Asker: 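Please see the structure below; I have some questions.
Starting from 1, each residue takes its place in the sequence as its number. Just so we're clear, the structure is a prediction, and the values are computed from it rather than from any experiment.
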Amino acid sequence: MLVGDRWQRPDTLVQIFDPGCRGMCESCIQTDQPGAGGRAESGGRHPFEYVKWTKVGFPAPGAAAAVAAGVLPPEDAERGHSLAAGYVHWQVERNRAALGRACLDTVFLHNPERTGDRAVLPIVLREAFAVLEEAAAAGHLSAYGIATWSGFTEGLITVEELDRLATEAAGSPDHRLRAVQLPVSLVETNALELALDGRGPIGAAAERGWQVFASAPLHGGELVRAATGDLAALLRPGLSVAQACLLAAASCPGVTKVLLSASAPAHWEAVRAALDQAAIPPWTLRKVCDVLAPQHPG
């Protein structure tokens, strides 16, 4: 995994499950991991066959170089996050060079909610979008998106506003903003419940034909510890708790990709066995959300 400008030995390989093809079909490298360390690696090709997306936002170990280049304000380096236009351009170029890719598939702006000022956020995003539109026009990336943990739930961003800002940045509705990433799980049920009615960020993104990446389907392992066998049986008899909860996230209407990781081959086999199954019907997901509602008020 490339973290900023350093390679981190991939104890956990990230793969993407595509509900449309009912199988894990893409290995990938995620760049820009907050709080990660790593060991330096210079030159050579990356060790994975596929590179599907990268992220920009957390400077990680490369912060000093970005500050020295004059593209990262020292105060942004201090707080460990920036979506400043100059830094976005600089990091995209660094990622292209480090990954050995002339054209990146998708570049995500990472955790825009970390910008800190609700009034300034639309300006920051529009300027960053303009940089990414220029990179797309130059053939340096195919698409870009937003990866957020709480931006939608906190009301800081909406798909409609993102679409408008991208249109302004591109000067046309034919922009390259084509993806959103957000948590989808039986812990973060709000997005799932709204999607069952074709509403919320997932419904709005699906309506526009955007890719929707579901992150944290097990909520950092919390679901494996908290969910019960009865819940798993309600979702899909015969699956383990982890398998059933993964399949629930993958079955969310509008979700096109699910981000998965595992630390051992046996875990991957369990994941494959679960996600090769047919999707859980919407009425079953709705029933499960109703069961969980008292535990997740509001």
Side-chain angles (χ1 to χ4, degrees), residues 1 3 8-17 19 23-24 27-28 30 33-37 58 110-111 113-114 147-154 181-196 200-202 212-253 255 257-298:
M1 179 180 293
V3 182
Q8 182 181 24
R9 190 163 60 84
D11 298 316
T12 301
L13 175 64
V14 178
Q15 288 196 328
I16 299 177
F17 168 76
M24 291 183 297
S27 299
C28 61
Q30 170 181 336
Q33 180 81 358
F58 290 91
H110 199 176
N111 286 13
E113 59 269 27
R114 291 286 297 270
T148 181
W149 182 258
S150 61
F152 291 120
T153 55
E154 292 179 9
Q181 178 188 316
L182 70 161
V184 179
S185 74
L186 295 180
V187 173
E188 296 285 344
T189 59
N190 184 60
L192 173 57
E193 290 181 88
L194 290 172
L196 289 170
I202 296 176
V212 176
F213 289 66
S215 63
L218 294 180
H219 206 71
E222 180 179 334
L223 271 172
V224 178
R225 297 185 294 270
T228 66
D230 288 342
L231 178 65
L234 179 59
L235 288 164
R236 181 60 50 82
L239 294 184
S240 70
V241 167
Q243 288 175 315
C245 291
L246 284 174
L247 184 57
S251 301
C252 176
V255 166
K257 309 286 182 185
V258 180
L259 305 184
L260 306 167
S261 64
S263 56
H267 295 164
W268 281 124
E269 292 309 313
V271 169
R272 287 181 185 275
L275 298 182
D276 280 343
Q277 299 212 5
I280 297 171
W283 54 87
T284 300
L285 292 175
R286 199 181 301 276
K287 180 177 180 180
V288 168
C289 288
D290 290 343
V291 168
L292 296 175
Q295 304 174 38
H296 303 287

Asker: Starting at CG of Leu192, measure out to CG of Leu292 and round the result to the nearest 0.5 Å.
Answerer: 9.5 Å
Asker: For the pair Ser215 (side chain) and Leu182 (backbone), establish whether a donor and an acceptor sit closer than 3.5 Å, ignoring hydrogens and angles.
Answerer: yes
Asker: About how many Å separate NZ of Lys257 and CD of Gln181, when rounded to the nearest 0.5 Å?
Answerer: 13.0 Å
Asker: Might you point out which heavy atoms bring Pro281 and Arg236 nearest each other, and give the distance in Å?
Answerer: CD-NH2, 4.2 Å
Asker: With the side chain counted from C-beta on, respond yes when Val184 and Val212 share a heavy-atom pair under 4.5 Å apart, and no when they do not.
Answerer: no
Asker: Could you report the tightest heavy-atom contact between Pro217 and Leu223, atom names first, then the distance?
Answerer: O-CD1, 3.5 Å
Asker: Could you check whether any side-chain heavy atom of Phe58 comes within less than 4.5 Å of a side-chain heavy atom of Asn111, counting everything from C-beta outward?
Answerer: yes
Asker: Got a second to check how far Asp290's CG is from Leu285's CG, nearest 0.5 Å?
Answerer: 11.0 Å
Asker: Can you give me the closest heavy-atom contact between Ile280 and Ala244, atom names plus distance?
Answerer: CD1-O, 4.2 Å
Asker: I'd like to know if the side chain of Ser150 reaches the main chain of Thr153, judged simply by a donor and an acceptor atom lying under 3.5 Å from each other, with no hydrogens or angles considered.
Answerer: no
Asker: Using every non-hydrogen atom in the two residues, find where Gly200 and Leu194 come nearest and quote the distance to one decimal.
Answerer: CA-CD1, 3.8 Å
Asker: State the CG-CG distance between Leu218 and Leu246, to the nearest 0.5 angstrom.
Answerer: 4.0 Å
Asker: Whether the side chain of Glu113 engages the backbone of Trp149 through a donor-acceptor N/O pair (distance < 3.5 Å, no angle test) should be reported.
Answerer: yes
Asker: Distance check, rounded to the nearest 0.5 Å: Cys252 atom SG versus Leu247 atom CG?
Answerer: 12.0 Å
Asker: Return the minimal non-hydrogen interatomic distance between Cys289 and Thr189, and the atom names on each side.
Answerer: SG-CB, 4.5 Å
Asker: If every non-hydrogen atom of Val241 is compared with every non-hydrogen atom of Ala227, which pair is closest and at what distance?
Answerer: CG1-CB, 3.5 Å
Asker: Return the CD to CG distance between Gln243 and Leu235, rounded to the nearest 0.5 Å.
Answerer: 12.0 Å
